[in-house]
Structure formats: structure tokens, C-alpha cells
Number of protein chains: 2
Amino acid sequence: MELDERKRKILNAIILNYQKTGEPVGSRTISKDAELKLSPATIRNEMADLEEMGLIVQPHTSAGRIPTDKGYRLYVNSLMQKEQLAVRELEAERSELMLKRVDRIEELLIQMAKILAANTNYATMITGPKYSQNKVKFIQLSSMGRGKLLATIVLTGNIIKNSILALNTCVSDDDILQMNIMLNSNLNGLSIAEINLGLITKIKSEAGEHADIASKVIDAIAEAIDSGDGSVPMYTSGTPNIFKYPELTGGDQASELISTLEEKEQLSTIMEYDGGCSDRHDIQVYIGDEVPVESMKNCSVITATYELSEGVRGKIGIIGPKRMDYRKVVDTLKNTMSQLDVIFKNDEQTDMAED
Amino acid sequence: MELDERKRKILNAIILNYQKTGEPVGSRTISKDAELKLSPATIRNEMADLEEMGLIVQPHTSAGRIPTDKGYRLYVNSLMQKEQLAVRELEAERSELMLKRVDRIEELLIQMAKILAANTNYATMITGPKYSQNKVKFIQLSSMGRGKLLATIVLTGNIIKNSILALNTCVSDDDILQMNIMLNSNLNGLSIAEINLGLITKIKSEAGEHADIASKVIDAIAEAIDSGDGSVPMYTSGTPNIFKYPELTGGDQASELISTLEEKEQLSTIMEYDGGCSDRHDIQVYIGDEVPVESMKNCSVITATYELSEGVRGKIGIIGPKRMDYRKVVDTLKNTMSQLDVIFKNDEQTDMAED
DNA sequence: ATTAGCACTCAATCAGTGCGAGTGCTAATA
DNA sequence: TATTAGCACTCGCACTGATTGAGTGCTAAT
């Protein structure tokens, strides 16, 4: 069966209409849609064909048609591009991000998720950046008195971690100074991969009687870098938005959806999946069954990757009903990503601090 | 009308039964409830009286009775205590808290909220501690090179804040050392209230040509202490639990509840209210209309205050349907609070660090 | 190739009905 | 006098069947 221009137009009309109403759309509705001047009967014939091709279905006999996953896929892959017109309304998207003074990067990301949720009326999720690539930039030990040592570790990207080390021995201020110099000269500029056993042994021997301190500091470094590795933090926002889409709230669906959104574990399976395509702002679209989470099988998810600096990446995802406005979401995401780029290019070297 | 012993027992039975089933409870049910051996007819007469007193109502003619807010209030205030028996099952509450290695206090609190939610089957919320009372313990400036200064501020309770300061002038290592000494000797042990304009002027003059740095450091201190002041962080957990109670999910209720739970702003009006009673573990019970949040008018909320150290307090709240198991929740909260006490008495001086 | 017309399907709506849980009242009982 | 049995009554709920209307597929006319 040939998918000619007219069929495409009809499919497109069905998708757009269903997007707005959430109701199955009938031949009459499409017919009145001007653009293509055909009678309902003709439309019906075409729709029968589209159904045969598996692009649309009727929920029951004598109902209008709704798009199938396959239909949406086609729309996203080819139809969508054809109407990039007048999308520049998005350019006017409130760039509140720029205005608000957010000095912590995670908070900025959370803010962003909130704004996206508000603008799109879908739920959003976001993972904190993966820092595993980061390097040690600076280490500072200071005595807090009473056998306590404060270790401050700064990583590239100005990530700062603190640990308080409890000591059993007493250390003089001078020793601390020595340790500082020694640690910095040995560790500066190294990533976690480069801090190997050999180096650790070397440091310990250089630390002499304070080998235990050195060892604790190295543990702290490992933890600092690791905390952004094993379990990337995950935030969600706008989850109540799903109540706006009746098709997501039938039965126990709402409950399960909200649960998975709150628990977050499952969400990471979506975010972790790296769809090969390493484009600049790699945008992935998962439609219905394509979503690798049981309770989200009749949602669609669109994810985008952001990059703070070389190799420091995270993902942002938008969760909505299958009839979500794919075009708007994709454009909004692209837009947001470039805004982020701007922010990070400006802010790269200023005062962003983190715990 | 006199509220005699028998009426109390019947009211109690109604409340307990309604707690389990969520269905209006009829005279027959109570009658079969042993304990008091009365026929349904007698119970009916008594129930008519209880209804007249405004303690119970029937949702419609020919339905059983359900407790009113007033009925619950009575229950909470006087009836509840009378049956403190066999509550020690709670003693066995999984004290997972003790086991899990949680080294950051906010994470511990969040964990606790999760466990409470899982144990009670209600939603929980928790505010981070208010640090406004805290004092400066230790300040450390270190040069990061390229005109950048790292300021590390340690407050009592081992709260650690970092800021990176961008300088326009260059500072020698020796100057930094001087600044460190000067700042510490001037600021150590002071709370925010004690850092007044006079002191600030004094510090600036002592800093000489580096007055701008001193000023930036003081700003950072203010911010460090403040961040726990103006907007106390608020976390929620177990929000999907509300789906377990049909009376909370009718209409748009679920949606609105979830929304207020996600947005958190409104929740703080509950948490902020300080009910005079400055008991050890001050526990407050809000029933139905007593809850100062519109969308929660047919919930009940129970809050408890925890105290990390002198004056450093936060609140934890449990949100459920009006028929929640008040006794269990109150006991669980008391229990949890004492566990917290233990933890903090042990951990007080160890390595809890925070951003 | 398109369209008008028509018979058909089926979800949704609504009134009518019977059921059952639960009540209040009255009269009998301990 | 307090309790209980009995009975008529109420009202939500679940079920039924009829009606409606949106939408279809097919056929014949244009």
C-alpha cells in the first residue's frame, strides 16, 4: 500500500486533532478541516487504508480513529519536520533562567525542570551531571582543633566536597601545611582513573607518620568523585500535570505513574539508555511501548542530553501522554539546551559551588 | 446530654472500625463487636444520641455512621490514651535508620521520611533543620590561583559552606594567612545576630587593602547561615500512598493533593505554625478543617518536632485521611523522635557534613 | 475518482426496578 | 426502667432495557 501525499495529510490531521482533544477523531471532523477539500466519505476510505497500514485504529467499531504507536513514530520521524513554520513563538520562551540568580548548578537544573514542566504541561525529570570524568583541581586540609581535620576537595567544574576527618593522633599546623603541599603536588590534575595503587602507596610513604590521614583524604576524594557516579541524583517536577490527561489517569494508572515518578529508580533506566546517536543535543523520542518502564507504556518520553563541560553530562526528560505535542517539546528542549550552553559558557569560570 | 462510658465505647468502636474499612459502620456491626453485649437496637439508640452530640453523622439516610471532625478530636484528646496497651509492637519498628550509613544529615532525614511513609502507609513531609541559631566555628580562605579564592565556612553542627570568590586584585599567600587569622579571631563563636555593622566595619578596617575580600567573605557567611533560614528545605515522601484511600482520590482531590505536596509552599504553613506547647517532642494533630491548607481539608496531619542540638529544630509531618490511625502514627512518631535523639547524641561530634 | 445515501454498530445516557443495608419507632419483655 | 424484637421505611447501588447519536462501511450515482 502506497502512503501518498493525501494519506500523509490525513494522518497528520488526525494526530494534530487528537493531540488537542484526546478524543477519537472522525471523518467528518477531518473533512471540515479545510486544507484538503474532500467529503467525509473519501476520508473514510483513506482512513480505512491507514488503518490497514497500522497507523491508526478505532478504539471500538463506530468510533473515530486514534493514532497507533507506529503512527506517531512515522509522524515524529518524517511528518513532523515538514511543518517547521512559525515555530518561532518558542523563541519567546520565558528565559527566566537567565534572570533568576541561581548559584548552584543542581538548583539551576531543578529550576529548569520546573520551568519546562510549567511551559509544556507535562512532567519532567532531570539527572544531575555525571562527574566521573572530573579531575582533582585543589585540595585543602585545615585543622579544626580537637583532633579534627577539614578536607576540602575541589574538582574541575568547581565541584566542592568537604569531609571532616577524625584523627586519633595530633597533628601540628606545620605538618598540615606539609601534607597540603604534598597532596596537591601529587594529585593535582588527576582523574579518578589516574589515582592508582602505585600512586597511593607513594603518597602514603611521603606522608610518613601521617599515612593514615593521607589514606583518609584519598577515601574522601574517591567518595567525592563517586557520589556523582554510582547513583546520579534524579529530580522530577510537574508530576501533577499528568492529571490533565484523562487517558493517563484511568484505573490505577495515575497511582502507578506517580509512584514511579516519585521513586525515581525506574526512571534511570530511561535516562541511562544511550541511543548511540551522539549528536550535539542528542534528542531521543520514546513512544508508548518503546518506553522501557512498565507503568509508562502508554506515555511517551522525550529526553535530551545536556553538557556542562567536556564530558560532564546529564539528561533531561519530558513525560507526557502518547498524544503529546512532540514538535513543541522537541523544539522547547532544543531551545533550552542552547540556553544552557550560553549560561555555561558565561558562567564556566564563576562561582558555582556544590556540596 | 451526658457522654457516659457506654457511649464512649461505641464511639471508639465506630472510629476503629471506620479506620479499617473506610465504610460507614452500622449498628449491627458494632453489636457483633462483642466487648459490650448489646443488640443493634440499643446501639442504634445510643448512636442517635452520639449523632445529636455532633460526634458522628450518616452520609445519607439509611447508611451507617462515620465520625465527624469533632468525634475524631474527642478520640484524639481523651479516648485514645485509654488503650495504650500492646502498642509495643511498634518497639520492633525496623530501625533501619541505625543500620544504614547515612553521613549527611539531610539525607538521614529524607531516609527517615521514606521509612515512615513505608511503615504508616501515609504521606510524609519533613523540613530541614533551621540553622539560624548557628554560630561560626571556623573560616578558611585558600587561594585557588588565577585570582580565585576559596572560602570555606564551618558552622556549629558541622555545617560546611563553600564559596568561590573572584578577585580583581592579586593576593599573596601571606596576605591570605593574615586574613585567615584576622577573620577567625573576629568571628569565631558568633551567631548571625552578633555580626553587626560595627563589627563588620572593624573587620574591614583591619583587612586594610583587602577590605573587599573581607566584605565578600562576610556576604558568604550571611548566605551560609541564611540559606537555612528564609526558606527551610522541605521534602516529601510516600505521596502515592494517598491513592490507597478512596476518600482522598474522589474528583480532583488526588490531583490537588499531589500538587500541593509537590509544590511544598503551602505545606510550610502547617509546619511553621508553632502550637505553643513546647513539650519535649511536641506533637500536633490537625484534623480535617483544622488543617490550614485548602486542598487538605479532608486530610489529617500530625506533626512532630525534632531537635538536633540546642535550638536546631525541624518538623516532620504525616499526612493521611481523616480516618488515619492516630494512635499508631503518634506512637510511631514518638518512637522515631527518640531514635533520632539517640542517633544525634552518638553522632553529635562525628563527621556529618553538609554543603 | 469522488460523493451522496443508507443501513449498521456501539458507547453513552437515562429512567425504571429490585435489592439490601441500615435506620427509627413502637410494642413487648426482663 | 432499660433492653430488645419486630416492622415499616429510606435510600444508595447495581442492573436492565430503551434511546440517542456519532461514526463507520458499502453501494450506487455522479
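Sequence lines set the chain letters: A, B, ... in the order given, protein chains first and strands last, and positions in each chain run from 1. Remember, it's a predicted structure, so these values are computed and weren't measured experimentally.
- In this model, the phosphate group of D:dT4 is approached by a side-chain N or O of B:T42 to a distance below 4.0 Å at OP1 or OP2.
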DNA chain D base-pair string [pairs: Watson-Crick or G-U under 3.5 Å; |: paired with another strand] | ||||||||||||||||||||||||||||||
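- Within 6.0 Å of CZ on A:R73 lie more than 12 heavy atoms contributed by other residues, nucleotides or ligands.
- For the pair B:T303/B:D282, no side-chain contact is recorded, criterion being any heavy-atom separation below 4.5 Å from C-beta on.
- In this structure, CD of B:E46 is placed 11 Å from C1' of D:dT3, rounded to the nearest angstrom.
- Side-chain atoms of A:S62 and base atoms of D:dT24 include no donor and acceptor less than 3.5 Å apart.
- Per the geometry, NZ belonging to A:K7 stands 11 Å off P belonging to C:dA1, to the nearest Å.
- Taking the six-membered ring where the residue is Trp, B:F243 and A:F243 present parallel rings, their angle staying beneath 30° rather than reaching 60°.
- Side chains of B:R8 and B:L74 form no contact here, defined as non-hydrogen atoms less than 4.5 Å apart.
- Rounded to an integer number of Å, the gap from NZ of A:K32 to P of C:dT3 is 16 Å.
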Scan nucleotides 24-30 of chain C nucleotide by nucleotide, 5' to 3', and note B when protein non-hydrogen atoms come under 4.0 Å of the base, S if they reach only the sugar-phosphate, - if neither.
-> B------
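- Rounded to an integer number of Å, the gap from A:I43 CD1 to D:dG23 P is 13 Å.
- Atom pair A:R28:CZ and C:dG5:C1' shows a separation of 15 Å (rounding to whole Å applied).
- Under 4.0 Å is where a charged nitrogen must lie from a carboxylate oxygen, and between B:E247 and B:K322 no such pair does.
- Nucleotide C:dA4 holds its P atom 11 Å from the CG atom of A:L38, rounded to whole Å.
- The separation between B:I14 atom CD1 and C:dT23 atom C1' is 13 Å, rounded to whole Å.
- A:D325 meets the side chain to side chain contact (heavy atoms under 4.5 Å, CB included) test with A:Q19, A:Y122, A:R327, A:K328; sequence neighbours excluded.
- When each of D:dT4, C:dT3, D:dC11 is scored by its nearest atom to the side-chain atoms of B:H60, the top-ranked nucleotide is D:dC11.
- In B:K264, the NZ atom is crowded: over 12 heavy atoms of neighbouring residues, nucleotides or ligands sit closer than 6.0 Å.
- A donor-acceptor pair shorter than 3.5 Å cannot be found between the side chains of B:T260 and B:Q266.
- Between B:N17 atom CG and C:dA21 atom C1' the separation is 14 Å, expressed in whole Å.
- Within the 4.0 Å cut-off from OP1 or OP2 of D:dT24, not a single side-chain nitrogen or oxygen of A:T61 is found.
- Proximity of B:V329 to B:V285: side-chain heavy atoms (C-beta onward) are nowhere separated by under 4.5 Å.
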